[in-house]
Undergrad: 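Have a look at the structure that comes next, please.
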Amino acid sequence: MKYMFPLKKNKPLALVGLLAIALLACNKSPAPSAEVVNETAVNEVNAANIKAHIEFLADDTLQGRDTGSNGYQIAANYVKSYFKQLGLTPKGTSIAGEKRGFEQTVRFRKSFLIDGSASTIIHGLKGDVELDYATEFLTSGSSLQNNTAITASTVFVGYGVVSPEFGYNDYENIDVKGKIVVALTGRPDDLPSEEGAHIGASAEKSRHAAAHGAIGFITVHTPKREKVRSFEKSAQYANAPRLSWLTKDNLPFGTQPEILAGAYLNQDAAKALFTGAARTLEDIFTADTNNNAIKGFDLPYKVSLKNRSRYEEISSPNIIAAVEGSDPQLKNEYVVFSAHLDHIGISSHTDDEDTINNGALDNASGVAILLETARLLAEMPIKPKRSVLFVVVTGEEKGLLGSSYFANNPTIPVMQLVANVNLDMPLILYPFADVIAFGSTHSTMGEIVETAANKIDIELSEDPMPEQALFTRSDHYSFVKAGIPSVFLMTGFKSTDENIDGGAVFGDFFKNHYHQHSDEITLPINYQAAASFALVNMMIGVEIANQAERPKWHDGDFFGVTFAQ
C-alpha cells in the first residue's frame with residue numbers, strides 16, 4: 001500500500017477512501033473519482049466496533065471461553081456470524097451441504113490425573129525416599145495410557161538440550177537407553193533468547209530424550225527458575241487437565257510414546273538424587289546461576305514413577321475466513337492474521353467471589369482488532385492483491401493447540417500461506433507511539449512492519465524483554481514451525497503521553513491482571529489506542545499483500561533453516 005502521509009493521532013482514522021487511492025495506485029488503475037473517495041471516506045477505523053466486540057467476548061455469560069466449553073462455542077458463533085455479515089469467504093473444512101464452512105473442528109484428548117495415584121520414590125543407598133505430591137513433585141495425567149509404573153536407573157543430562165548449530169549436545173558420551181533422564185529446567189544463558197526458547201522447550205527436550213532411548217523424564221526446578229515462577233505457583237495448577245489435539249489416527253499429537261512417565265521435582269526434594277553423586281546439586285545450581293558448563297553423569301539411584309489417568313474427548317473449533325485478493329495470480333497466496341479466541345475459563349484455585357476469567361485483553365482485544373481489520377478489508381472497493389486469511393483459533397492457553405492443529409492441517413495449502421501476523425493481548429491501555437513485532441529480526445517481515453508502521457508515524461521498537469522469549473509463546477510460533485515467516489504484534493512501551501510509562505503499565509498488568517479475573521472490561525481500556533492498533537495492523541497486512549515478492553527468511557536464520565519448506 002502506498003500510503004505516504006501520517007494520520008494525526010487522536011483524530012478519526014478516515015481509512016478506506018485513502019486505501020482506495022493507494023490500492024488503485026498499486027494496481028495501476030485510474031485514480032478514483034471524487035464521488036468514490038467521498039463515499040468511501042466515511043468508513044473509518046471504528047473504536048466503537050472494537051469496544052462492542054470486547055464487551056461481548058469478555059462478558060460473564062461466556063464463562064471465560066475455556067476450550068471446548070459452551071462459552072467458547074458462543075464466542076465462536078459470534079465470530080462466525082460477523083464474518084458472514086462481512087461477506088467473507090468460508091475457509092474452514094467441508095460440512096454437509098456446503099463446499100466449505102467457517103469452522104475447522106479440532107478434537108482433543110483431555111487427560112486427568114486420578115487423585116492420590118501419583119507417586120515418586122527415590123531408591124537410595126540408605127533406603128527409599130518417597131516424595132510428597134504437590135509440595136515436592138508434580139506430574140500430570142498421561143494422554144497415552146491409563147496406568148503408568150516404571151522403575152529405572154537415573155542419568156543426569158544437564159539441561160537435556162541438543163543443538164549442533166550452537167555446539168550443544170547434552171547426550172554426548174552418555175548412555176540413557178532404558179533409563180530415566182534428569183535435567184534442569186531452562187537452558188544455557190549464552191543461547192540467543194528466541195532460538196534458546198525453542199531449543200530449551202520441554203517438547204524438544206522430551207523429543208531428544210526419546211530419540212536417545214530414555215523411558216522417563218524428571219525435570220529439576222532450580223533457584224533461577226524460582227525467581228521467574230515459583231514451584232508453589234506451578235503447584236496451584238497441578239491438578240488441571242492436560243489437552244492434546246488428536247490426529248486422524250486418534251493419537252495425541254506431539255507426545256513421545258517412548259517416554260512412559262515424568263515428574264517435576266522441587267529443588268530441595270531433588271537433592272536426594274545427587275547425594276553421593278559426581279557433583280552435588282548445590283554445585284550444579286551454582287553453575288546454572290553463573291552460566292558455567294554443566295556436563296551429565298550417571299546418578300547412583302533408581303526411581304519409581306507411578307500414576308493413573310483417565311481421559312475424555314472434547315472438540316472445539318477454529319474459525320477461518322478470507323477476503324479474496326484482487327490479482328488473478330497473487331490471490332491464490334494468503335496473508336494470515338491470527339488471534340486466539342479461548343481464555344482460561346473458571347478458576348478453581350481462588351477464594352475470591354469472582355471466579356470467571358473474562359480475558360478482556362487476553363485475548364478478546366486481539367480478536368476484536370482482528371474483526372475490525374477484517375471489516376476494513378472487506379469494505380475496500382479495491383481489495384489487496386493477495387488474499388487475506390483470518391484464523392481465529394482455540395486452545396492457545398492449553399499450549400498453542402488450535403494454531404498447531406491448523407498449521408499441521410491447513411485448510412489452504414501451506415505453500416500458499418506467505419506470512420502470519422499474530423495478535424495476542426495487545427495492551428491497549430494507553431496511547432502508544434510504537435509497536436513491537438516479536439520475530440521481526442528473522443525475516444523480511446521486520447522491514448515490512450517498519451515500513452507500514454512508519455507511514456502512520458508509528459515506530460517499530462526492538463524486543464524490550466528478550467528474557468521472556470515471547471517469540472515462542474503465542475500462536476505465530478505454530479506458523480513458524482510450518483516454515484511461514486511470522487511476527488507477533490504488540491503495542492510498544494512508548495507513549496504519545498509523556499506522563500505514561502508503557503513498560504510500567506505492562507508490568508502492572510502482568511503482576512495484577514494477567515490470567516486473573518480482573519482482566520475484564522472495567523480496566524481503563526483506551527479504545528482510541530485500539531483503533532490505532534487496528535490501523536497499523538491493517539497497514540501491515542496490505543503492505544504484505546501488495547508486495548511483488550512474498551516475505552522471506554533471512555539467509556542462514558535459525559528458524560528458516562530449521563523449518564522452511
Side-chain angles (χ1 to χ4, degrees), residues 56-57 61-84 88 90-113 140-146 203 239-255 309-321 336 338-346 348 356-357 359 362-364 366-367 370 389-412 414 424 474-475 478-479 482:
F56 181 87
L57 295 172
T61 307
L62 275 64
Q63 297 285 288
R65 308 188 306 277
D66 198 8
T67 299
S69 68
N70 289 334
Y72 177 86
Q73 187 62 55
I74 292 169
N77 290 346
Y78 177 85
V79 171
K80 182 168 58 174
S81 175
Y82 194 72
F83 283 162
K84 287 182 178 179
L88 269 58
K91 292 291 184 179
T93 48
S94 299
I95 57 176
E98 294 184 28
K99 291 183 178 180
R100 287 267 196 166
F102 287 93
E103 293 193 2
Q104 179 188 42
T105 300
V106 186
R107 293 186 305 122
F108 297 98
R109 180 168 294 171
K110 192 174 186 179
S111 306
F112 299 82
L113 179 67
S140 58
S142 169
S143 61
L144 292 167
Q145 51 197 357
N146 295 114
N239 293 322
R242 302 294 190 266
L243 268 65
S244 304
W245 61 261
L246 292 171
T247 68
K248 294 176 181 178
D249 296 326
N250 219 38
L251 296 174
F253 178 81
T255 54
S309 309
R310 65 177 180 86
Y311 346 113
E312 60 186 49
E313 185 174 315
I314 64 171
S315 64
S316 189
N318 295 328
I319 307 299
I320 307 168
V336 183
S338 59
H340 75 90
L341 183 59
D342 66 303
H343 195 51
I344 61 175
I346 306 295
S348 58
I356 299 173
N357 296 284
D362 185 17
N363 183 37
V367 173
L370 180 147
L389 191 71
F390 299 95
V391 181
V392 180
V393 299
T394 186
E396 189 271 353
E397 301 289 3
K398 309 301 183 186
L400 317 184
L401 297 184
S403 59
S404 172
Y405 184 85
F406 176 82
N408 285 275
N409 301 274
T411 59
I412 302 293
V414 70
D424 188 357
S474 192
D475 288 307
S478 296
F479 291 90

Undergrad: Is a donor on one side and an acceptor on the other found under 3.5 Å between the side chain of T67 and the backbone of G395?
TA: yes
Undergrad: What residues form a ring pair (Phe, Tyr, Trp, His ring centres under 6.0 Å) with H340, not counting sequence neighbours?
TA: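 Here no residue qualifies.
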Undergrad: Enter the distance from D475:CG to E396:CD here, rounded to the nearest 0.5 Å.
TA: 5.0 Å
Undergrad: For the residue pair L57 and L62, what are the closest heavy atoms and their distance?
TA: O-CD2, 3.7 Å
Undergrad: For a quick test of reading the model, state the closest non-hydrogen atom pair linking N250 to E313 and the distance between them.
TA: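 Shortest heavy-atom contact: OD1-OE1, 4.1 Å.
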Undergrad: Taking the six-membered ring for Trp, are F390 and F83 parallel (under 30°), tilted (30 to 60°) or perpendicular (over 60°)?
TA: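 Rings of F390 and F83: tilted, as their planes differ by 30° to 60°.
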Undergrad: Tell me the closest heavy-atom pair linking K84 and F102, and the distance in Å.
TA: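 Taking K84 first and F102 second, the nearest heavy atoms are CG-CE1, 3.4 Å.
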Undergrad: For T105, is there any backbone N or O sitting under 3.5 Å from a side-chain donor or acceptor partner on S315?
TA: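 Such a contact is absent between S315 side chain and T105 backbone.
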Undergrad: Looking at N70, I want to see if its CG is surrounded by more than 12 non-hydrogen atoms of other residues, nucleotides or ligands under 6.0 Å.
TA: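 Atom CG in N70 is not packed in, count stays at 12 or less.
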Undergrad: Under 3.5 Å, is there a donor-acceptor pair between the side chain of T93 and the main chain of G101?
TA: no
Undergrad: Would you say Y78 and V367 make side-chain contact, with heavy atoms under 4.5 Å?
TA: no
Undergrad: Could you grab the distance from atom CD1 of I356 to atom CG of D66, nearest 0.5 Å is fine?
TA: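 I356 atom CD1 to D66 atom CG measures 12.0 Å (nearest 0.5 Å).
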Undergrad: Rounded to the nearest 0.5 Å, how far apart are CG of L370 and CG of D424?
TA: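 If I round to the nearest 0.5 Å, the distance is 12.0 Å.
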Undergrad: Check whether any side-chain heavy atom of N146 lies under 4.5 Å from a side-chain heavy atom of Y311, and answer yes or no.
TA: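 N146 vs Y311: side chains touch.
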Undergrad: Just verifying a value: how many Å separate R109 CZ and E312 CD, rounded to the nearest 0.5 Å?
TA: 11.5 Å
Undergrad: What is the distance from atom CG of L144 to atom CG of L251, rounded to the nearest 0.5 Å?
TA: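 The distance works out to 8.0 Å.
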Undergrad: Test side chain to side chain contact (heavy atoms under 4.5 Å, CB included) on K398 and K110 and set out the steps.
TA: CA-CA 10 Å; K398 309 301 183 186; K110 192 174 186 179; over 6 Å; no
Undergrad: How long is the span from the CZ atom in F108 to the CD1 atom in I314, to the nearest 0.5 Å?
TA: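 Here the interatomic distance stands at 6.5 Å.
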Undergrad: If I compare all heavy atoms of T394 with all of V106, which pair ends up nearest, and what's the gap?
TA: CG2-CG2, 4.3 Å
Undergrad: Tell me if a side-chain donor or acceptor on Y72 pairs with a main-chain N or O of P317 at a distance below 3.5 Å.
TA: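 The answer is yes, because a donor-acceptor pair under 3.5 Å joins these two groups.
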Undergrad: Does a salt bridge link D362 with R65, judged by any charged N lying under 4.0 Å from a carboxylate O?
TA: no
Undergrad: For S478 and S403, which heavy atoms make the closest approach, and how far apart are they?
TA: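 Result for this residue pair: OG-OG, 2.8 Å.
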Undergrad: Which atoms form the tightest heavy-atom contact between L246 and P252, and what is the distance?
TA: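 It is CD2-N, 3.7 Å.
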Undergrad: Is the closest side-chain heavy-atom distance between E103 and N77 below 4.5 Å?
TA: yes
Undergrad: Would you call the rings of F479 and F406 parallel, tilted or perpendicular, taking 30° and 60° as the class edges?
TA: tilted
